[in-house]
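Notes for the one structure printed next.
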Amino acid sequence: MAKFDLLQKCLIRYFKLHGAFVSRHPTFVLLLALVIAAVLSSGIMFLQFETKTEKLFAPVGSRAEDEKAIMEELFPAEYENFYASRMTASDQRLVLVIVKGKSDGSGVITDRAVREIVQLGEAIVTTVATDSDGRGISHETVCARRHGRCVANPVVEFWRHALEANSSIYIPMAPTMLPSGSLLIPQPIMANVTFEKGYIRQTSALLLTFYLKNTPPSSNDQSGAWEDAVADMLEGLAFQDIEVIFYTSDSVDESQAALVFDILPYFCATYGILTAFAVLSCLTRDWVAGKPWLANAGILSVLLATASTIGLLSFFGVPVNQVVASMPFLVLGIGLDDMFIMVSAWRRTNRLSSVEKRMSATFSEAAVSITITTLTDFLAFCIGSLTPLLAIRTFCLYTGVAVLLDFFFQITFFAAIMVFTGRREAQNRHCYSCREVLPEDQAPSRSYAIFCSGGVGSDRSREGYAESVHACMTFFKKVYAPIITSRFVMASVAVIYALYLAAGIYGVTQITEGLELSTLAEEGSMTNRFFDASSEYFPGNCPFVTVIITERLDYWDAGVQDELASLASRFLQSRYIQDSEFWLDDFKDFSTASNNTIHNGTTFLSLLNRSFLTHLAFERYALDINFDEDGSVSSSRFILTTDSLLNTQDEAEMLVGVREIADGTPLSVVVFAPTFIVFEQYLIISSTTFINLSVALVTMLLVSFLLIPSIPVAFLVTFCVLSIEVGVMGFMTFWGISLNGVSMINIILCIGFSVDFSAHVCYAVVAQEGELASTREKVANALYALGYPILQSGISTILALLPLFFTKSYIFQSFARIILLVMGFGVLHGLVVLPVVLTVIGGLTDGKRATVERGGAEASDPADKQGTSMEQVDAATGQGEFINESCSE
């Protein structure tokens with residue numbers, strides 16, 4: 001087996017020197033770590049929050065951003081002559097209100113319900129907000145206008161007139177012109193309508209929309225203040241017959257900001273759970289050997305890393321978002337794993353040696369393990385930061401830096417505390433009170449022996465006491481290894497694994513893509529209720545798509561008209577496009593009706609400007625045409641009405657379809673809708689995930705090969721990582737998690753965890769040579785050294801994320817669910833699948849060479865073979881540190 005272990009040896013040598021340095025200067029190292037933590041953490045005073053959904057979850061540098069820039073340059077929003085179909089802002093200021101019957105199955109077209117709806121409309125439009133200078137902001141101030149009037153809700157106006165005139169409240173099915181000049185078209189704003197004799201007699205829900213100004217910035221701020229005032233008013237408003245569910249343009253952003261602070265109690269719960277777990281893991285029957293305060297120091301080092309990370313990046317102006325709020329949970333789990341490795345390495349040292357020698361031995365053994373864990377996790381986050389989604393990029397930046405700083409504080413702050421702990425042990429002091437105690441054989445009473453005694457007793461061999469074998473390790477060697485490598489169990493594992501792999505592959509084929517806005521709001525919140533009600537009563541997203549013709553054309557030319565007609569026809573052939581609104585079509589009909597010919601430029605432009613665009617029925621088209629200084633058309637647009645888009649797949653296919661048509665025409669055409677900014681993520685998530693996974697896999701294998709150099713390990717690790725990835729991606733589909741930026745980074749992180757679980761187990765088996773002839777013995781020895789730490793690592797990370805399952809955030813819940821799958825499948829592969837695979841492969845090799853007949857006897861305890869097997873496992877893997885002192889003798 002080829003070995004290129006120069007880097008491994010260099011790490012071991014360096015950490016051995018570092019351990020000795022810390023043991024000689026623990027106070028200096030401790031104070032240095034605390035000063036650095038204090039300086040970095042002070043940056044928290046510059047902490048900023050980013051809650052803009054479009055900025056966080058829309059791909060950076062996407063085509064939609066370029067299309068939006070063209071749209072806003074050529075056809076900026078016009079709020080004094082406003083048409084909803086001509087909106088350009090993806091964050092359009094508005095208030096949406098869904099009104100439904102208070103009891104199930106009841107409608108809203110009853111005398112009392114209609115009166116309450118009119119009262120609701122009046123309450124909204126009469127709401128007055130206050131700006132920072134104390135001046136009032138009314139609806140009239142901030143509303144989008146047309147013909148000098150606020151763009152209103154015609155149905156409310158219709159019912160108000162009906163109640164004043166004591167006439168019928170039933171609404172005509174046909175479009176109706178109201179006294180104010182507004183046109184009432186009821187179908188789009190009503191759900192599950194009941195018709196009778198040309199009138200709508202009942203509807204289960206009604207949608208009211210209040211459009212506001214986005215520009216200039218001062219108006220945008222005023223609109224935001226008025227939105228907040230309306231939201232506050234509606235929160236306290238109650239009716240007898242109707243239920244009001246509302247949404248504002250800031251609702252999702254405000255929900256994300258609230259979730260960042262709402263997560264704090266869950267982090268406190270995580271801190272408590274892991275503190276208890278760490279302390280229990282560091283206790284033994286020996287009250288001198290126990291290390292509860294060291295366990296607390298390990299958790300504190302993670303908290304120092306977290307605070308330092310937030311402060312450091314806040315210094316550089318990197319804002320926090322909802323996804324970043326899950327970072328402390330993950331780092332706490334990862335950091336605790338490093339702490340266990342360090343404590344376990346300490347436990348394997350000779351207790352009778354000096355503290356300096358024990359620290360040198362601890363760091364030399366833990367060097368490879370903590371470096372591999374840190375590097376693989378850090379590189380996973382570096383690769384994840386390549387994603388074009390800003391929310392995920394920021395999360396990866398924060399978590400990657402936190403992993404590095406955790407590594408730093410583990411080898412400084414935690415190491416210094418470990419030195420003081422070692423000195424306490426050398427003085428035979430109690431692990432809690434730090435008072436000097438007597439060994440168990442000198443205990444004056446039974447209660448003293450149970451609660452106080454510890455240390456080296458006179459009845460023990462000093463050499464034997466220094467190298468004790470623990471029950472947890474013995475369980476994996478003596479009990480678990482023979483079971484898992486038996487023929488029946490291996491056959492059962494093979495069958496179950498085949499079913500697992502089949503289920504995973506099937507799940508991968510059923511995976512859905514996209515992060516819907518509804519999932520960003522807190523469960524049970526008003527925003528979440530609005531999205532649910534919208535899906536129930538007004539299913540499908542029907543955005544208006546603008547087709548922009550950016551070049552100058554001779555629109556009067558018959559060939560140009562045919563080309564444009566062909567273009568519009570191709571759009572209408574798409575199954576996602578329902579209708580089009582093209583000024584040129586109406587203009588040709590208008591000219592025909594007025595007996596005018598438009599086949600020359602002069603006549604065309606004269607009729608267009610003087611008659612068509614000034615006509616009340618066509619004046620909206622003035623917003624769709626730009627003229628040069630000479631009066632010719634420099635650019636124009638037409639509007640496509642989409643059919644219902646029921647899911648993210650429909651939205652992605654519609655976006656791709658209209659772009660393909662636009663790209664396929666010889667004309668210079670751009671298509672845009674405000675929702676394209678969000679839809680864009682659906683197009684890049686699969687390819688980005690595949691690319692990042694491929695890069696991550698290759699990178700992790702290179703790191704593993706450099707630090708644990710073995711070609712067989714590389715192939716086995718590859719098999720293990722791919723197997724875990726298939727399981728995680730497949731089973732997350734069964735759990736209702738779609739492929740989006742949040743799940744993508746967890747899938748990439750899965751590679752880092754998979755390497756941690758699999759590389760050491762594989763190498764611990766293949767690296768054993770010499771007297772060990774049976775692969776079963778090698779597997780048993782690997783499980784002896786690694787079994788319990790792998791289990792402990794998985795449990796600690798799951799416990800760190802456990803509180804996230806109880807949050808009301810889809811992002812936090814999906815994050816916890818995927819990590820649970822990663823850790824669960826990782827532990828199962830490390831403790832079940834790999835031992836079986838290695839035994840089968842090794843069995844084929846064993847059968848080809850002559851071995852000493854062992855008569856079927858169980859392999860002897862590696863600790864009993866002096867200078868042979870366990871020394872080989874420790875030397876080959878650097879994993880002797882994994883023995884955890886939580887196991888009782």
Quiz item: Out of curiosity, E227 CD to I137 CD1, how far, rounded to the nearest 0.5 Å?
Solution: 11.5 Å
Quiz item: Is a side-chain N or O of T550 found less than 3.5 angstrom from the main chain of S668, in a donor-acceptor match?
Solution: yes
Quiz item: Checking side chain to side chain contact (heavy atoms under 4.5 Å, CB included) for the pair V95/L208: CA distance, chi angles, key distance, verdict?
Solution: CA-CA 8 Å; V95 176; L208 304 179; over 6 Å; no
Practice problem: Answer yes if the side chains of S634 and N626 hold a donor-acceptor pair under 3.5 Å, and no otherwise. | Solution: no
Quiz item: Any chance the SGs on C150 and C143 are under 2.5 Å from each other?
Solution: yes
Self-check item: Any donor-acceptor N/O pair, R393 side chain to T387 backbone, under 3.5 Å
Solution: yes
Exercise. Step through the shown structure and confirm whether more than 12 heavy atoms of other residues, nucleotides or ligands are within 6.0 Å of CZ on F627.
Key: yes
Self-check item: Ring centre gap for F378 and F381 strictly below 6.0 Å
Solution: no
Quiz item: Backbone N or O of A662 within a donor-acceptor pair of the T665 side chain at under 3.5 Å?
Solution: no
Self-check item: Worked check of salt bridge (Lys or Arg N to Asp or Glu O under 4.0 Å) between R145 and E140
Solution: CA-CA 9 Å; R145 294 174 172 274; E140 287 286 331; 2.9 Å; yes
Quiz item: Which atom names give the shortest non-hydrogen contact between P674 and M87, and what distance separates them?
Solution: CG-O, 3.7 Å
Exercise. Apply the ring-ring contact (aromatic ring centres under 6.0 Å, His included) test between F587 and each candidate in F604, F582, F638; give the one that qualifies.
Key: F604
Practice problem: With sequence neighbours left out, write down each residue that passes side chain to side chain contact (heavy atoms under 4.5 Å, CB included) with Q510, or none if nothing qualifies. | Solution: Y506, T733
Quiz item: Should D562 and K588 count as an ion pair when the cut-off is N to O under 4.0 Å?
Solution: no
Quiz item: Which is it for H615 and F618 under the ring pair (Phe, Tyr, Trp, His ring centres under 6.0 Å) test, yes or no, and what are the steps along the way?
Solution: CA-CA 5 Å; H615 195 285; F618 307 115; 5.3 Å; yes
Quiz prompt | Distance (rounded to the nearest 0.5 Å) between R529 CZ and E536 CD | solution = 12.0 Å
Quiz item: Does the T399 side chain pair with the main chain of C396, one donor and one acceptor, at a distance under 3.5 Å?
Solution: no
Exercise. Would you kindly check if the NZ (Lys) or CZ (Arg) of R86 is within the cone defined by 45 degrees around the ring axis of F75 and under 6.0 Å from the six-membered ring centre?
Key: no
Self-check item: T248 and D250: side chain donor to acceptor below 3.5 Å
Solution: no
Self-check item: Expected output: side-chain R575 to main-chain D643 donor-acceptor under 3.5 Å
Solution: no
Practice problem: For residues D91 and S249, report the shortest heavy-atom separation together with the two atoms involved. | Solution: O-CB, 4.4 Å
Practice problem: Could you check E67 against R659 for salt bridge (Lys or Arg N to Asp or Glu O under 4.0 Å), going step by step and ending with a plain yes or no? | Solution: CA-CA 11 Å; E67 294 167 345; R659 282 181 174 174; 3.2 Å; yes
Exercise. Search all heavy atoms of S635 against all heavy atoms of L74 and return the closest pair with its distance.
Key: OG-CD2, 4.1 Å
Practice problem: Find the distance between CG (N740) and OG1 (T648) and round it off to the nearest 0.5 Å. | Solution: 9.5 Å
Practice problem: Look up atom CZ in F679 and atom CG in D650, then write down how far apart they are to the nearest 0.5 Å. | Solution: 9.5 Å
Exercise. Start with the C-alpha distance between D228 and R93, add both sets of side-chain angles, then the distance that settles salt bridge (Lys or Arg N to Asp or Glu O under 4.0 Å), and finish with yes or no.
Key: CA-CA 11 Å; D228 294 340; R93 287 289 187 185; over 6 Å; no
Exercise. Check for a donor-acceptor pair, side chain of S569 on one end and backbone N or O of A565 on the other, with a separation under 3.5 Å.
Key: no
Exercise. For ring pair (Phe, Tyr, Trp, His ring centres under 6.0 Å), just list the numbers for F395 and Y398, CA-CA rounded to whole Å, side-chain angles, deciding distance to a tenth of an Å, and then say yes or no.
Key: CA-CA 5 Å; F395 166 79; Y398 267 90; 9.1 Å; no
Practice problem: Please name the pair of heavy atoms, one in S62 and one in E680, separated by the smallest distance, quoted to 0.1 Å. | Solution: CB-CG, 3.4 Å
Practice problem: Apply salt bridge (Lys or Arg N to Asp or Glu O under 4.0 Å) to the pair E80 and K213, showing each step before the final yes or no. | Solution: CA-CA 9 Å; E80 295 302 323; K213 297 176 182 177; 3.3 Å; yes
Exercise. Look up atom CD1 in I549 and atom CG in L667, then write down how far apart they are to the nearest 0.5 Å.
Key: 7.0 Å
Practice problem: Identify the heavy atoms of M654 and P543 that sit nearest to each other, and give their distance. | Solution: CE-CG, 4.2 Å
Self-check item: Partner residues of R552 under the side chain to side chain contact (heavy atoms under 4.5 Å, CB included) criterion, sequence neighbours left out
Solution: D628, D630, S632
Practice problem: Answer yes if the ring centres of Y247 and F531 are under 6.0 angstrom apart, and no otherwise. | Solution: yes
Quiz item: When the aromatic ring centroids of Y555 and W583 are compared, is their separation below 6.0 Å?
Solution: yes
Exercise. Heavy atoms only: give me the nearest V151-Y211 pair and the separation to one decimal.
Key: CG1-CD1, 4.4 Å
Quiz item: With a 6.0 Å cut-off on ring centres, are F316 and F46 close enough?
Solution: no
Quiz item: Can I639 and V545 be said to form a side chain to side chain contact (heavy atoms under 4.5 Å, CB included), step by step?
Solution: CA-CA 6 Å; I639 311 300; V545 177; over 6 Å; no
Self-check item: Residue K808 excluded, over 12 heavy atoms near NZ under 6.0 Å
Solution: no
Exercise. Drop me the distance from I263's CD1 to S326's OG, to the nearest 0.5 angstrom.
Key: 8.0 Å
Quiz item: How would you list all residue pairs meeting side-chain hydrogen bond (donor to acceptor under 3.5 Å, both in side chains) that involve residues 601-611, not counting sequence neighbours?
Solution: N600-T603
Self-check item: Polar contact flag, side-chain donor to acceptor under 3.5 angstrom, S255-S525
Solution: no
Quiz item: Does the side chain of Q92 come under 3.5 Å of the side chain of N214 through a donor N or O and an acceptor N or O?
Solution: yes
Exercise. May I ask you to check whether F612 and Y621 place their ring centres under 6.0 Å from each other?
Key: yes
